[in-house]
Undergrad: 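Shown below is the structure under consideration.
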Amino acid sequence: MDAKLTEVAQLFERFKAASMRNDFDSATNLLSQLKVLLTEFKSLPPLFEESPNAIQELTIARDIYEHAVVLSVKTEDQDAFERDFFQLKPYYTDTGSRLPPSPQEYPILGLNLLRLLVQNRIAEFHTELELLSSSALENPCIKHAVELEQSFMEGAYNRVLSARRTVPHETYVYFMDLLAKTVRDEIAGCSEKAYDYLSISDARQMLMFSTDKELYEYISEDHPEWEVKNGSVFFQKVKESAPSKEIPSLQLINQTLSYARELERIV
């Protein structure tokens with residue numbers, strides 16, 4: 001094996017070991033070193049120059065960037081996820097004739113769709129879907145993200161929250177938790193406008209918590225303005241503190257009359 005390729009392979013093993021033991025500082029530092037070393041391989045995107053070790057270099061580079069994406073999820077760094085995913089993507093789109101498919105391709109593509117959904121980047125979500133083949137759309141990881149988006153758009157929040165229990169890959173849990181919080185906040189906002197109060201059991205069921213303790217923790221951390229007393233959750237303080245907006249009726253009347261006069265002139 002080429003000396004430079006050997007150096008990368010050895011460093012990659014150290015990176016994987018650090019990541020496995022959740023030593024994220026060491027893993028991040030080793031990943032930076034690996035990315036620098038990869039710049040010396042001319043066979044990688046965007047050059048794709050032919051070389052005796054091109055296949056080995058492309059394969060190990062793809063593996064490195066796949067592990068980088070997983071590391072970004074472990075460290076809950078969405079910016080790093082986006083950078084690493086776009087560095088990885090050419091290995092999925094432009095090396096099909098040279099490398100066998102990666103078993104991590106569909107889980108990572110589905111993970112990226114889930115990230116776009118969490119960030120409410122729906123247009124980009126659908127753009128990424130358009131780029132996938134019909135066989136890819138049948139993969140459980142991709143279908144999971146598509147079904148989540150449909151449920152979210154339909155307002156079927158119960159399906160979104162329950163989908164966490166059926167994630168197709170362990171790396172999905174981080175983004176599913178973020179999505180679940182977004183959904184719960186949406187339900188909470190609707191509830192406090194629609195009701196003066198809810199019983200603890202109704203509030204727990206509506207927000208899809210398993211126990212009263214989880215509900216109390218959510219209220220304490222996210223909605224301290226709610227009052228919990230006598231077995232119910234009261235939203236009155238929220239309504240009292242919400243600023244009331246005055247309708248500028250006189251201004252609207254003047255504008256309407258002005259429009260009417262302009263129409264008469266035109267006619």
Undergrad: Search all heavy atoms of L148 against all heavy atoms of A163 and return the closest pair with its distance.
TA: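 In this case the closest contact between L148 and A163 is CD2-CB, 3.7 Å.
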Undergrad: Report yes if some heavy atom in the side chain of V183 is under 4.5 Å from a heavy atom in the side chain of I187; otherwise report no.
TA: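 With C-beta onward as the side chain, the pair touches.
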Undergrad: Determine whether Y174 and Q78 satisfy the following criterion, side chain to side chain contact (heavy atoms under 4.5 Å, CB included), listing intermediate values before the conclusion.
TA: CA-CA 11 Å; Y174 165 60; Q78 294 186 45; 3.5 Å; yes
Undergrad: What is the distance from atom CZ of F41 to atom CG of L5, rounded to the nearest 0.5 Å?
TA: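 Going from CZ on F41 over to CG on L5, the span is 5.0 Å.
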Undergrad: Among the clusters formed by ILVMFWY side chains lying less than 4.5 Å apart, do V173 and V70 turn up in the same one?
TA: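 Different clusters: V173 never reaches V70 through Ile, Leu, Val, Met, Phe, Trp or Tyr contacts under 4.5 Å.
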Undergrad: Assess whether a salt bridge exists between E82 and R121, defined as any Lys/Arg side-chain N lying under 4.0 Å from an Asp/Glu carboxylate O.
TA: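 Salt bridge present between E82 and R121.
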Undergrad: Between Y91 and D63, do the side chains contain a donor N or O and an acceptor N or O under 3.5 Å apart?
TA: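 Note: D63 and Y91 side chains miss the donor-acceptor criterion.
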Undergrad: So M176 and H144, do their side chains get closer than 4.5 Å, heavy atoms only?
TA: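 In short, these two side chains touch, coming nearer than 4.5 Å.
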Undergrad: Taking the side chain as C-beta and beyond, is there a heavy-atom pair between Y197 and K229 under 4.5 Å?
TA: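 No, too far: nothing below the 4.5 Å cut-off.
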Undergrad: Tell me if a side-chain donor or acceptor on N230 pairs with a main-chain N or O of S232 at a distance below 3.5 Å.
TA: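 No.
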Undergrad: Look up atom NZ in K74 and atom CD in E170, then write down how far apart they are to the nearest 0.5 Å.
TA: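 Output value for this atom pair is 7.5 Å.
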Undergrad: Less than 4.0 angstrom from a charged side-chain N to a carboxylate O is my criterion; do E128 and K89 meet it?
TA: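 Yes, charged N to carboxylate O under 4.0 Å.
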Undergrad: Does some side-chain heavy atom of L30 sit less than 4.5 Å from a side-chain heavy atom of F12?
TA: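 No, their side chains stay 4.5 Å or more apart.
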Undergrad: Can the ring centroids of F81 and F175 be said to lie less than 6.0 angstrom from one another?
TA: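 Distance test on ring centres: under 6.0 Å, yes.
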Undergrad: Do L131 and F125 share a hydrophobic cluster (ILVMFWY, side-chain heavy atoms under 4.5 Å, transitive)?
TA: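 They do not share one cluster, since no chain of ILVMFWY contacts under 4.5 Å joins L131 to F125.
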Undergrad: Provide the closest heavy-atom pair for A145 versus L117 in the form atom of the first, atom of the second, distance.
TA: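 Taking A145 first and L117 second, the nearest heavy atoms are O-CD2, 4.4 Å.
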Undergrad: Going by the angle between their ring planes, with limits at 30° and 60°, are H67 and F15 parallel, tilted or perpendicular?
TA: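 Judged by the thresholds at 30° and 60°, the geometry between H67 and F15 is perpendicular.
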Undergrad: Test side-chain hydrogen bond (donor to acceptor under 3.5 Å, both in side chains) on Y218 and D185 and set out the steps.
TA: CA-CA 10 Å; Y218 174 74; D185 289 344; 2.7 Å; yes
Undergrad: Indicate the atoms forming the closest heavy-atom contact of A188 with L207, along with that distance.
TA: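 Answer, listing the atom of A188 first, then L207: N-CD2, 4.1 Å.
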Undergrad: Any side-chain heavy-atom pair from L198 and F235 closer than 4.5 angstrom?
TA: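 Touching, per the 4.5 Å side-chain cut-off.
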Undergrad: Are M20 and L71 grouped together when hydrophobic residues (ILVMFWY) are joined by side-chain heavy atoms under 4.5 angstrom apart?
TA: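 Different hydrophobic clusters.
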Undergrad: Going by the rule salt bridge (charged side-chain N to carboxylate O under 4.0 Å, His left out), which residues pair with E49 if we only count those two or more places apart in sequence or in a different chain?
TA: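 Applying salt bridge (charged side-chain N to carboxylate O under 4.0 Å, His left out) to E49 gives none.
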Undergrad: Following the transitive rule for hydrophobic clusters with a side-chain heavy-atom cut-off under 4.5 Å over Ile, Leu, Val, Met, Phe, Trp and Tyr, establish whether M153 and L161 coincide in one cluster.
TA: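 Linked, M153 and L161 end up in one cluster.
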Undergrad: Under 4.5 Å between any side-chain heavy atoms of V233 and D202, yes or no?
TA: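 Result no, sub-4.5 Å side-chain heavy-atom pair not found.
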Undergrad: Check K35 with D84, please: is the shortest side-chain N to carboxylate O separation under 4.0 Å?
TA: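 Yes, D84 and K35 are salt-bridged.
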Undergrad: Return yes if some donor-acceptor pair links the side-chain N/O of Y172 with the main-chain N/O of L111 below 3.5 Å, else return no.
TA: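 Present.
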Undergrad: Please check this pair: side chain of T59 against backbone of I55, looking for a donor-acceptor N/O pair closer than 3.5 Å.
TA: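 Yes, T59 side chain to I55 backbone: donor-acceptor pair under 3.5 Å.
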Undergrad: With a 4.5 Å heavy-atom cut-off, do R115 and E124 have their side chains touching?
TA: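 Of all side-chain heavy-atom pairs linking E124 with R115, none is under 4.5 Å.
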Undergrad: Strictly distance-based, threshold 3.5 Å: is any side-chain N or O of R62 a donor or acceptor partner for the main-chain N or O of Y92?
TA: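 Not at all, since once roles are kept as given, no pair shorter than 3.5 Å links the two residues.
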Undergrad: Taking D212's backbone N and O only, do any of them form a donor-acceptor pair with R204's side chain (distance below 3.5 Å, no angle check)?
TA: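 Not a single qualifying donor-acceptor pair exists.
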Undergrad: Considering residues, nucleotides and ligands other than Q33, do more than 12 of their heavy atoms fall under 6.0 Å from its CD?
TA: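 Counting neighbours around CD of Q33, more than 12 heavy atoms of other residues, nucleotides or ligands fall under 6.0 Å, so yes.
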Undergrad: Shortest non-hydrogen contact from L37 to L11?
TA: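 Reported closest heavy-atom pair: CD1-CD2, 3.8 Å.
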Undergrad: Can we say E57 and K4 salt-bridge, meaning some charged N sits less than 4.0 Å from an Asp/Glu carboxylate O?
TA: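 Salt bridge absent between E57 and K4.
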Undergrad: With a 4.5 Å cut-off on side-chain heavy-atom distances among I, L, V, M, F, W and Y, is there a chain of contacts connecting L116 to F86?
TA: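 In one cluster with L116: F86, yes.
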Undergrad: Could you tell me the separation between the CG atom of L44 and the CD atom of Q87, rounded to the nearest 0.5 Å?
TA: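 Rounded to the nearest 0.5 Å, the CG-CD separation comes to 11.0 Å.
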Undergrad: Which residue, P101, P140, S135, forms the side chain to side chain contact (heavy atoms under 4.5 Å, CB included) with Y106?
TA: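 Among the candidates, only S135 passes.
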Undergrad: Of all heavy-atom pairs between I200 and L215, which one has the smallest distance, and what is that distance?
TA: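 Reported closest heavy-atom pair: O-CD2, 3.7 Å.
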Undergrad: Are E50 and R98 ion-paired here, with the side-chain N under 4.0 Å from a carboxylate O?
TA: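 Counted as a salt bridge, because a side-chain N and a carboxylate O are separated by less than 4.0 Å.
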Undergrad: Carefully, step by step, assess E149 and L129 under the rule side chain to side chain contact (heavy atoms under 4.5 Å, CB included).
TA: CA-CA 11 Å; E149 190 267 346; L129 275 185; 6.0 Å; no
Undergrad: Do K181 and D177 meet the salt-bridge criterion of a basic N to acidic O distance under 4.0 Å?
TA: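 Salt bridge absent between D177 and K181.
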Undergrad: To the nearest 0.5 Å, tell me how far N53 CG sits from L58 CG.
TA: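 If we round to the nearest 0.5 Å, N53:CG and L58:CG are 10.5 Å apart.
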Undergrad: Show the nearest heavy-atom pair for residues S26 and D23, with the distance to one decimal.
TA: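 What the structure gives for the nearest pair is OG-OD2, 2.7 Å.
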Undergrad: Rounded at 0.5 Å granularity, tell me how far CZ in R159 sits from CD in E154.
TA: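 Those atoms lie 5.0 Å apart.
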Undergrad: Quick one: pull up CZ in R184 and OG in S191 and give me the separation to the nearest 0.5 Å.
TA: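 It is 12.0 Å, given to the nearest 0.5 Å.
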